[in-house]
Amino acid sequence: YKRSPLSLRLNRGDRLEGSFCHYDKALNILWDLYEEILESYQAEKVNDSLADFDDLLEFAHRLVRIPRVRESLRRRYPYLLVDEFQDTNHLQWRILLPLIGPDSNFFAVGDTKQSIYRFRDADVSVFREAQAWVERKGRLLEVREYFRATRELVTFKNQIFRNLFRLHLDYEAVFQEMVACRSTPASTDRYSAVQSLFYDSLPDRLLSEADLTAEIVEQLVANGFRCG
């Protein structure tokens, strides 16, 4: 018979309990292996007096909990600026918070829709926690004006994300409609529509999506389009 605990497809009379049993055993084996590897890894670092990135975060967190260290850092760094705050994880936020004293100036910039570092424990819930903290302690600014793209592209983006971000989960970004503030040059006005390309597979003559994009750009240039 076929054991497939992840899909839980049962063949030849397998019972559901049996699949869970196999899954549980495999998970225990992987956990034991993980602990063995981790113990060996930590020992190697100690023997060679080394620290990895996670160690640096842990050590920093311990240090800022010491009053003497915390006060010294507050005096030394009265101005704190964090860019791309959506990539901050819980531990990094716990390191930063003690450094923000009564006389500190703290400024953070971020966009939840750009949060891509969940594999490093950064998620939108950290951003929301920081937002709530800022609202209690200072002022929250929402920047909706967008200058990088034309009106047509921003309108298209708003339509897409309005339907994507609608589950209201703790780790999910919240839709925020952007306002286009960049005008379309008159010389390119007839090319200002958004074109969507849908292919089940790329044409045989093209090797990648990059080739398809290059071909479309070549067609635009051949038709008289000039970047303005």
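Predicted model, so just to flag it, every value in this text is computed and none were measured. The figures that follow rest on heavy atoms only: side chains count, while hydrogens, waters and symmetry mates do not.
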A.B. asks: When you measure from the side chain of Ser72 to the backbone of Val69, do you find a donor-acceptor pair of N or O atoms at a distance under 3.5 Å?
C.D. replies: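 Not at all, since once roles are kept as given, no pair shorter than 3.5 Å links the two residues.
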A.B. asks: Hey, does Gln92 have a side-chain heavy atom less than 4.5 Å from the side chain of Val82?
C.D. replies: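 No, too far: nothing below the 4.5 Å cut-off.
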A.B. asks: With sequence neighbours excluded, what pairs up with Glu129 under the salt bridge (charged side-chain N to carboxylate O under 4.0 Å, His left out) test?
C.D. replies: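 Glu129: salt bridge (charged side-chain N to carboxylate O under 4.0 Å, His left out) contacts with Arg94.
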A.B. asks: Please examine the side chains of Gln42 and Glu39, heavy atoms only from C-beta on, and report whether any two atoms are closer than 4.5 Å.
C.D. replies: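 No. Closest side-chain heavy atoms not under 4.5 Å.
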A.B. asks: Can you check whether Leu30 reaches Tyr34 side chain to side chain, under 4.5 Å on heavy atoms?
C.D. replies: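 When only atoms from C-beta onward are counted, Tyr34 and Leu30 do not touch, as no gap falls below 4.5 Å.
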A.B. asks: Side chains of Glu84 and Gln86: is there a donor and an acceptor less than 3.5 Å apart?
C.D. replies: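 Per modelled atom types, Glu84 and Gln86 side chains form a pair under 3.5 Å.
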A.B. asks: Which distance, rounded to the nearest 0.5 Å, do you find between the CG of Asp87 and the CG of Asp123?
C.D. replies: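 Nearest 0.5 Å value for the CG-CG distance: 11.0 Å.
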A.B. asks: Just wondering, do Leu80 and Ile100 contact through their side chains at under 4.5 Å, heavy atoms?
C.D. replies: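 Contact flag for Ile100/Leu80 side chains = yes.
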A.B. asks: Dump the intermediate steps for salt bridge (charged side-chain N to carboxylate O under 4.0 Å, His left out) on Arg144 and Glu177, then the final yes or no.
C.D. replies: CA-CA 7 Å; Arg144 296 176 180 266; Glu177 185 160 346; over 6 Å; no
A.B. asks: In chain order, what residues pass the salt bridge (charged side-chain N to carboxylate O under 4.0 Å, His left out) check against Arg75, with sequence neighbours excluded?
C.D. replies: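 Partners of Arg75 under the salt bridge (charged side-chain N to carboxylate O under 4.0 Å, His left out) test: none.
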A.B. asks: For the CG atom of Asn28 and the NZ atom of Lys25, what is their distance to the nearest 0.5 Å?
C.D. replies: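 NZ of Lys25 is found 10.0 Å from CG of Asn28.
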A.B. asks: Distance from Asn223 atom CG to Gln219 atom CD, nearest 0.5 Å?
C.D. replies: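 With rounding to 0.5 Å, CG (Asn223) is 7.5 Å from CD (Gln219).
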A.B. asks: For Arg65, does the CZ atom have more than 12 heavy-atom neighbours from other residues, nucleotides or ligands under 6.0 Å away?
C.D. replies: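 No, the 6.0 Å shell around CZ holds no more than 12 heavy atoms from other groups.
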A.B. asks: Is it the case that the side chain of Asp211 and the backbone of Ser208 share a donor-acceptor pair, with hydrogens and angles ignored and the cut-off at 3.5 Å?
C.D. replies: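 Between the backbone of Ser208 and the side chain of Asp211 there is a qualifying donor-acceptor contact (under 3.5 Å).
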A.B. asks: Do Phe106 and Leu96 make a side-chain contact, defined as non-hydrogen atoms from C-beta onward lying under 4.5 Å apart?
C.D. replies: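 In short, these two side chains touch, coming nearer than 4.5 Å.
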A.B. asks: Applying side chain to side chain contact (heavy atoms under 4.5 Å, CB included), can you list everything that pairs with Phe59, at least two apart in sequence or on another chain?
C.D. replies: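 Phe59 satisfies side chain to side chain contact (heavy atoms under 4.5 Å, CB included) with Ala51, Asp55, Arg62 once adjacent residues are dropped.
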A.B. asks: Using a 3.5 Å distance criterion without hydrogens, assess whether the side chain of Ser115 forms a donor-acceptor pair with backbone atoms of Thr112.
C.D. replies: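 No, the answer is negative, given that no donor and acceptor are paired below the 3.5 Å cut-off.
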A.B. asks: Suppose we screen for salt bridge (charged side-chain N to carboxylate O under 4.0 Å, His left out). Which residues come up paired with Glu58, at least two apart in sequence or across chains?
C.D. replies: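 In terms of salt bridge (charged side-chain N to carboxylate O under 4.0 Å, His left out), with neighbours along the sequence ignored, Glu58 is linked to no residue.
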A.B. asks: Quick check on Glu215: does its CD atom have over 12 non-hydrogen neighbours (other residues, nucleotides or ligands) under 6.0 Å away?
C.D. replies: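 Buried by this count: over 12 neighbours within 6.0 Å.
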A.B. asks: Tell me, please, which residues at least two apart from Phe161 pass ring pair (Phe, Tyr, Trp, His ring centres under 6.0 Å).
C.D. replies: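 Phe165.
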A.B. asks: Which residues pass the salt bridge (charged side-chain N to carboxylate O under 4.0 Å, His left out) test with Glu71, not counting sequence neighbours?
C.D. replies: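 Checked Glu71 against salt bridge (charged side-chain N to carboxylate O under 4.0 Å, His left out); matches are Arg74.
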A.B. asks: Do Asp52 and Leu56 come close enough that some side-chain heavy atom pair is under 4.5 Å?
C.D. replies: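 Counting from C-beta outward, Asp52 and Leu56 never come under 4.5 Å.
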A.B. asks: Hey, could you give me the OG1/CG distance between Thr88 and Asp121, rounded to the nearest 0.5 Å?
C.D. replies: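 If I round to the nearest 0.5 Å, the distance is 12.0 Å.
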A.B. asks: Just so I know, are the side chains of Phe175 and Asn158 near enough to count as touching, which here means a heavy-atom distance under 4.5 Å?
C.D. replies: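 They are in side-chain contact.
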A.B. asks: Within the side chain of Ser40, is there an N or O that forms a donor-acceptor pair under 3.5 Å with the backbone of Glu36?
C.D. replies: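 Answer holds: no.
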A.B. asks: Run the side-chain contact (heavy atoms from CB on, under 4.5 Å) test on Arg139 and Val134 for me, step by step, so that the C-alpha distance in whole Å, both residues' side-chain angles and the decisive distance to 0.1 Å come before the verdict.
C.D. replies: CA-CA 6 Å; Arg139 187 161 53 123; Val134 169; 5.8 Å; no
A.B. asks: Any chance the side chains of Gln114 and Asp111 put a donor and an acceptor closer than 3.5 Å?
C.D. replies: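 Short answer, yes.
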A.B. asks: Does Asp54 pair with Arg120 as a salt bridge, N-O distance under 4.0 Å?
C.D. replies: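 Yes, this pair counts.
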A.B. asks: Between Arg182 (side chain only) and Thr150 (backbone N and O only), is there a donor and an acceptor less than 3.5 Å apart?
C.D. replies: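 No: the side chain of Arg182 does not pair with the backbone of Thr150.
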A.B. asks: Determine whether Tyr79 and Phe107 make a side-chain contact, defined as any pair of heavy atoms from C-beta on separated by less than 4.5 Å.
C.D. replies: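 Side-chain contact under 4.5 Å: no.
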A.B. asks: Verify side-chain contact (heavy atoms from CB on, under 4.5 Å) between Cys181 and Arg151, making sure each step is shown before the conclusion.
C.D. replies: CA-CA 7 Å; Cys181 297; Arg151 180 182 65 258; over 6 Å; no
A.B. asks: Drop me the distance from Ile216's CD1 to Leu212's CG, to the nearest 0.5 angstrom.
C.D. replies: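 Interatomic distance, Ile216 CD1 to Leu212 CG, rounded to 0.5 Å: 4.0 Å.
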